[in-house]
Amino acid sequence: MAKVKTKWVCQNCGYETPKYIGKCPDCGMWSTLVEETEIKNTVPFVQTAAQDNTPACLINEIEITENIKIPTGFEEFDRVLGTGLVQGSLVLLAGDPGIGKSTLILQTAGNICKSGKRLLYVCAEESSSQVKLRAQRLNVNSDNLYVYAQTNLENVVNQIDKIKPEILVIDSIQSVYTSNITSSSGSVSQIRECTNILMDIAKNKNITVIVIGHVTKEGNIAGPKVLEHMVDTVIYFEGDKYKSQRLLRAIKNRFGSTNEIGVFNMAESGLEEVTNPSELFMKERNRNAAPGSVIIAANEGTRALLTEVQALVGTTSYPSPRRVSTGIEFNRLLQIIAVLEKRIGINLSKHDVYVNVTGGLEINEPAADLGIALAIATCFRDVIVDSDCVIIGEISLSGEIRNVSNLEKRIYEAQKLGFKKVIIPKLTKKLPDNFDITIIQVPRLMDAICKCVSKPEK
């Protein structure tokens with residue numbers, strides 16, 4: 001007879017303890033331990049070797065078929081994945097509630113089924129009729145798309161054996177459960193065990209599995225952190241649900257780069273991919289430049305993106321001035337402010353500084369340093385940077401402007417969008433002659449300020 005025991009499991013990291021404690025000793029979070037029932041069989045378990053007749057083979061003898069990659073029908077999605085979904089892979093798509101995860105996957109499912117592949121869509125949070133209503137709105141209709149409203153994973157496995165799909169979608173992993181675990185769905189034990197079963201299905205049956213996961217209020221994927229280590233690819237779907245722009249970003253990818261992003265626009269008929277994100281981010285820009293507004297060329301994976309950096313500098317009423325950054329690293333902002341104070345002589349000790357990157361982008365590369373510094377300096381001095389000028393460059397602690405990667409791609413993107421000139425670091429080699437844009441090379445931060453600022457028109 002099975003002996004029933006209970007254990008306390010941290011819902012944040014999966015730490016287990018036989019008794020309740022207020023603070024998890026592993027992740028340091030408070031009040032995250034939940035009691036779960038554990039069933040241990042008193043019959044001793046004898047481990048036997050699995051019968052596997054497949055011999056080991058040399059890596060040079062392994063053949064890769066041409067159809068190992070499955071296109072999603074979205075170029076932006078394929079870019080983030082690395083040219084498509086890999087057969088037998090386990091993909092985790094996470095995002096905030098209402099951001100459009102189910103919409104993206106349902107549209108992707110419709111695109112994949114058009115190529116003749118069978119797809120099983122397991123909706124654990126909606127009924128089949130509710131999925132049908134959304135599919136009609138998105139104009140998704142295919143004879144190869146199967147919808148199954150089920151939360152029990154054993155029943156899902158039975159449907160897989162009957163339908164034999166090539167792609168499986170679970171929406172969502174927090175809503176399904178397995179009878180092997182007695183805890184409720186959404187608990188750490190259930191999520192971990194269900195993911196183990198899905199991973200076994202993906203590898204042994206060569207089925208591509210896409211799992212949708214929820215995000216907590218802290219911005220992390222709900223469930224144990226080990227969940228991200230188990231899957232092959234982790235993708236975040238980001239954006240403000242009150243705006244139309246959506247960003248698709250890979251956090252982990254065993255089959256491609258994690259530097260690529262995909263840009264989508266949420267319309268009435270569903271998600272529309274944006275093939276030229278720079279035009280989207282520049283569309284709402286005011287051509288009449290204001291103090292504190294600068295255009296920079298950021299690099300995301302294999303392409304350059306032009307976006308606007310805004311700065312606001314105002315006199316503070318507090319003993320300690322505020323430093324607020326949105327879209328850039330906070331410590332990077334503090335470093336740039338220190339360089340402006342020491343090398344340029346701008347005293348910001350009695351001023352609040354706010355810096356924002358428009359469009360919801362996260363700029364983590366140093367090529368935005370010069371643009372951020374000019375945005376702060378122009379707002380402080382009440383001068384402007386030419387609206388037809390793009391700023392590129394990294395700032396050293398000595399105030400020198402350093403070279404950045406993919407400089408020619410950034411210049412070409414600025415030229416393509418109609419900008420007249422670009423400020424870049426002083427180069428030791430000559431640039432190609434095919435640029436139809438004025439290129440100004442500056443060695444130091446002071447030179448950049450002198451070259452591109454002017455008084456605003458009254």
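Since the structure is predicted, the reported quantities are computational estimates derived from the model, not experimental observations.
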Discussion item. Using every non-hydrogen atom in the two residues, find where D386 and K421 come nearest and quote the distance to one decimal.
Written reply: OD2-CE, 3.5 Å

Worksheet item: CG/L417 to CD1/I437 distance, rounded to the nearest 0.5 angstrom?
Response: 9.5 Å

Worksheet item: Any sub-3.5 Å donor-acceptor pair from D352's side-chain atoms to R322's backbone N or O?
Response: yes

Item to complete: Kindly compute the distance separating CG (D171) from CG (L106), expressed to the nearest 0.5 Å.
Response: 9.0 Å

Worksheet entry | Side chain to side chain, I210 and L85, heavy atoms closer than 4.5 Å | yes

Worksheet item: Using 4.0 Å as the upper bound for N to carboxylate O, is an ion pair formed by D232 and K203?
Response: yes

Worksheet entry | Identified side-chain contact (heavy atoms from CB on, under 4.5 Å) partner of M230 from the options T195, I191, L90, L92 | T195

Item to complete: Heavy atoms only: give me the nearest I391-G371 pair and the separation to one decimal.
Response: CG2-N, 3.6 Å

Item to complete: Go through F264 and F74 one step at a time and tell me if the ring-ring contact (aromatic ring centres under 6.0 Å, His included) criterion holds.
Response: CA-CA 10 Å; F264 291 85; F74 287 121; 5.5 Å; yes

Worksheet item: Please walk me through it: do L431 and I424 pass side chain to side chain contact (heavy atoms under 4.5 Å, CB included)?
Response: CA-CA 11 Å; L431 287 170; I424 65 171; 3.8 Å; yes

Item to complete: Under the salt bridge (Lys or Arg N to Asp or Glu O under 4.0 Å) rule, what do R192 and E16 come out as? Steps first, then yes or no, please.
Response: CA-CA 13 Å; R192 185 164 47 198; E16 298 180 2; 3.3 Å; yes

Item to complete: Identify the heavy atoms of Q174 and I212 that sit nearest to each other, and give their distance.
Response: OE1-O, 4.0 Å

Fill in: Note, V188 side chain near Y15 side chain (heavy atom, < 4.5 Å)
no

Discussion item. I'd like to know if the side chain of Q107 reaches the main chain of L104, judged simply by a donor and an acceptor atom lying under 3.5 Å from each other, with no hydrogens or angles considered.
Written reply: no

Item to complete: Mark yes or no for whether T307, through its side chain, and T358, through its backbone, hold a donor-acceptor pair below 3.5 Å.
Response: yes

Worksheet item: Could you give the distance from CD1 (I392) to CD1 (I411), rounded to the nearest 0.5 Å?
Response: 5.5 Å

Item to complete: Evaluate the side-chain hydrogen bond (donor to acceptor under 3.5 Å, both in side chains) criterion for residues Q190 and T178: first the C-alpha distance (whole Å), next the side-chain angles of each, then the deciding distance (0.1 Å), finally the verdict.
Response: CA-CA 7 Å; Q190 282 286 358; T178 174; 5.5 Å; no

Worksheet entry | Derivation of the side-chain hydrogen bond (donor to acceptor under 3.5 Å, both in side chains) call for S127 and S129 | CA-CA 5 Å; S127 64; S129 58; 3.1 Å; yes

Worksheet item: R246 side chain to I99 main-chain N or O, any donor-acceptor pair under 3.5 Å?
Response: yes

Worksheet entry | Enclosure of D143 CG (heavy-atom neighbours >12, cutoff 6.0 Å) | no

Worksheet entry | Considering all heavy atoms, the nearest A124-V176 contact | CB-CG1, 3.8 Å

Item to complete: Nearest 0.5 Å please: distance from the OH atom of Y148 over to the CD atom of Q159.
Response: 4.5 Å

Worksheet item: Should I235 and I251 be marked as a side chain to side chain contact (heavy atoms under 4.5 Å, CB included) after you check the CA-CA gap, both sets of side-chain angles, and the distance that decides it?
Response: CA-CA 6 Å; I235 297 176; I251 305 300; over 6 Å; no

Item to complete: Grab the two heavy atoms, one from S128 and one from A149, that are nearest each other, plus how far apart they are.
Response: OG-CB, 3.7 Å

Response to the item:
Applying side chain to side chain contact (heavy atoms under 4.5 Å, CB included) to E329 and not counting sequence neighbours gives N331, R332

Worksheet entry | Side-chain (Q150) to main-chain (N152) donor-acceptor, under 3.5 angstrom | yes

Discussion item. Taking the side chain as everything from C-beta on, heavy atoms only, tell me whether P425 gets closer than 4.5 Å to E394.
Written reply: no

Worksheet item: If you measure from the Lys or Arg side-chain nitrogens to the Asp or Glu carboxylate oxygens, is any gap between K205 and D161 under 4.0 Å?
Response: yes

Practice prompt. Kindly determine whether L247 and Y236 satisfy side chain to side chain contact (heavy atoms under 4.5 Å, CB included), including the steps that lead there.
Written response: CA-CA 8 Å; L247 297 180; Y236 273 83; over 6 Å; no

Worksheet item: What's the verdict on salt bridge (Lys or Arg N to Asp or Glu O under 4.0 Å) for E260 and R249, showing C-alpha distance, side-chain angles and the deciding distance?
Response: CA-CA 7 Å; E260 299 286 357; R249 190 187 304 272; over 6 Å; no

Worksheet item: Under the side chain to side chain contact (heavy atoms under 4.5 Å, CB included) criterion, do L168 and V122 qualify, and how do the steps go?
Response: CA-CA 8 Å; L168 172 66; V122 179; 3.8 Å; yes

Item to complete: Could you check if a side-chain atom of K69 sits within less than 4.5 angstrom of a side-chain atom of V86, using non-hydrogen atoms only?
Response: yes

Item to complete: Spell out, as yes or no, whether a donor-acceptor pair under 3.5 Å connects the side chain of E76 to the backbone of V263.
Response: yes

Discussion item. Is there a side-chain contact between P97 and H214 in this structure, where contact means two heavy atoms from C-beta onward sitting under 4.5 Å apart?
Written reply: no

Worksheet item: Less than 4.5 Å apart, any side-chain heavy atom of I207 and any of I167?
Response: no

Worksheet item: With sequence neighbours left out, what residues match F330 under side chain to side chain contact (heavy atoms under 4.5 Å, CB included)?
Response: R323, S325, L334

Worksheet item: Any side-chain heavy-atom pair from V9 and L33 closer than 4.5 angstrom?
Response: no

Discussion item. Can a donor-acceptor pair be found, under 3.5 Å and without considering hydrogens, that links the side chain of K117 to the backbone of E166?
Written reply: no

Discussion item. I'd like to know if the side chain of R303 and the backbone of I261 have a donor-acceptor N/O pair within less than 3.5 Å.
Written reply: yes

Fill in: Heavy-atom pair with the smallest gap, counting every atom of Y121 and L145
CB-CD1, 4.3 Å

Practice prompt. Determine whether the side chains of Q87 and T208 contain a donor N or O and an acceptor N or O closer than 3.5 Å.
Written response: no

Item to complete: Kindly check if the number of other-residue, nucleotide or ligand heavy atoms within 6.0 Å of CD (E35) is above 12?
Response: yes

Worksheet item: How long is the span from the CG atom in L198 to the CG atom in N196, to the nearest 0.5 Å?
Response: 9.0 Å

Discussion item. Strictly distance-based, threshold 3.5 Å: is any side-chain N or O of N253 a donor or acceptor partner for the main-chain N or O of L81?
Written reply: yes

Discussion item. Taking atom NZ as the centre, does K252 end up with more than 12 heavy-atom neighbours from other residues, nucleotides or ligands that are less than 6.0 angstrom away?
Written reply: yes

Discussion item. Under a 4.0 Å threshold between the charged nitrogen and the carboxylate oxygen, would R410 count as salt-bridged to E413?
Written reply: no

Practice prompt. Supply the atom-to-atom distance Q310 CD to S293 OG, rounded to the nearest 0.5 angstrom.
Written response: 5.5 Å

Discussion item. Any non-hydrogen side-chain atom of T326 less than 4.5 Å from a side-chain atom of V357?
Written reply: no

